[in-house]
Amino acid sequence: MKVYFLGTGTSQGIPIIGVDHPVCKSTDAKDKRLRVSIWITWGEHSYVIDCGPDFRQQMLSCGCRKLDAILFTHEHADHTAGLDDIRPYNFRQGEIPVYAHQRVIDNLKRRFDYVFETVNKYPGAPSVKTIEVVNNIPFAVGDKIAIPVNVMHGDLQVFGYRIDDFAYLTDVKTIDKMEVEKLKNLKVLVVNALRVEPHDTHFNLQEALDFIELVKPEVAYLTHISHVLGFHEEVQKQLPENVFLAYDNLEITI
């Protein structure tokens with residue numbers, strides 16, 4: 001199974017429009033971060049977790065020609081605003097399955113009402129098939145099983161996903177002990193680490209490292225990174241030997 005990091009930044013991306021912070025002016029490609037998302041492939045199977053406002057650019061960069069489904073973590077715009085750009089896949093494949101909490105499906109129906117229109121639908125509009133994700137109910141993705149992992153993003157419920165020995169958690173601030181049990185014996189954990197200073201709705205760096213120590217994956221990657229965390233190369237030098245800053249267009253094999 002291959003995991004391609006489509007984006008590793010926060011809701012504004014890096015660089016941020018009109019901001020003169022040194023990281024925003026960095027010439028290191030690893031400091032330029034699109035909105036957070038991953039592409040997972042194995043065999044002929046191809047899945048994306050979240051499709052934010054950079055989705056079109058990300059799909060062109062990674063060369064994804066086939067999309068079996070989108071798994072949504074939650075409804076925030078940096079994770080969902082690219083839904084309209086699934087159209088090229090629709091034209092080739094037909095409707096695209098989307099997996100999400102029912103609350104997220106309802107939110108998408110309000111924001112992208114034309115996608116879900118059933119009467120006089122514009123022929124160029126995207127089409128999706130919605131599948132509700134329910135905590136503690138695994139579901140099939142191709143010939144593998146996805147296990148939803150329930151976490152909290154401040155007061156908002158968010159789903160992470162485990163597939164085989166890989167787990168992806170973004171926008172996490174707290175997680176119950178029962179959910180942590182779903183993360184035993186991982187080879188790779190991806191988890192958010194926004195910045196050094198505490199934040200109300202995201203792990204900061206120390207909280208992410210403490211969580212990694214709790215879960216004990218073989219390897220961990222940090223994502224959903226803000227410019228104030230620092231320069232990629234400088235932060236990486238400070239991390240434990242099995243923890244890495246993810247960066248856009250990084251591809252790993254599990």
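Side chains included, hydrogens not; waters and symmetry mates left out as well; all remaining heavy atoms used.
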Between Leu194 and His224, is the side-chain contact (heavy atoms from CB on, under 4.5 Å) condition met? List the steps.
CA-CA 6 Å; Leu194 188 72; His224 209 292; 3.9 Å; yes
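- Between the side chains of Asp171 and His74, a donor-acceptor pair is found at a separation under 3.5 Å.
- Around atom CD1 of Ile17, no more than 12 heavy atoms belonging to other residues, nucleotides or ligands sit under 6.0 Å away.
- Environment of CG in Asp155: sparse, with no more than 12 heavy atoms of neighbouring residues, nucleotides or ligands closer than 6.0 Å.
- Around CZ of Arg195, the count of heavy atoms belonging to other residues, nucleotides or ligands within 6.0 Å exceeds 12.
- The side-chain heavy atoms of Thr118 and Lys121, taken from C-beta on, include no pair separated by under 4.5 Å.
- Summarising the geometry, atom OG belonging to Ser11 is positioned 8.0 Å from atom CD1 belonging to Ile16; distances are rounded to the nearest 0.5 Å.
- Under the salt bridge (Lys or Arg N to Asp or Glu O under 4.0 Å) rule, Glu75 has a single partner from Lys109, Arg103, Arg110, which is Arg103.
- Remark: the Thr170 side chain and the Asn192 side chain contain no N/O donor-acceptor pair separated by less than 3.5 Å.
- The minimum heavy-atom distance linking Tyr47 with Val141 is given by the pair OH-C, 3.2 Å.
- The 12-atom threshold is exceeded at CZ of Arg92, counting heavy atoms of other residues, nucleotides or ligands nearer than 6.0 Å.
- Ring geometry for Tyr247 versus His232: interplanar angle over 60°, hence perpendicular rather than tilted (30 to 60°).
- In this structure, the side chains of Tyr4 and Lys2 stay at 4.5 Å or more apart for every pair of heavy atoms.
- Within a 6.0 Å sphere centred on NZ of Lys66, other residues, nucleotides and ligands contribute more than 12 heavy atoms.
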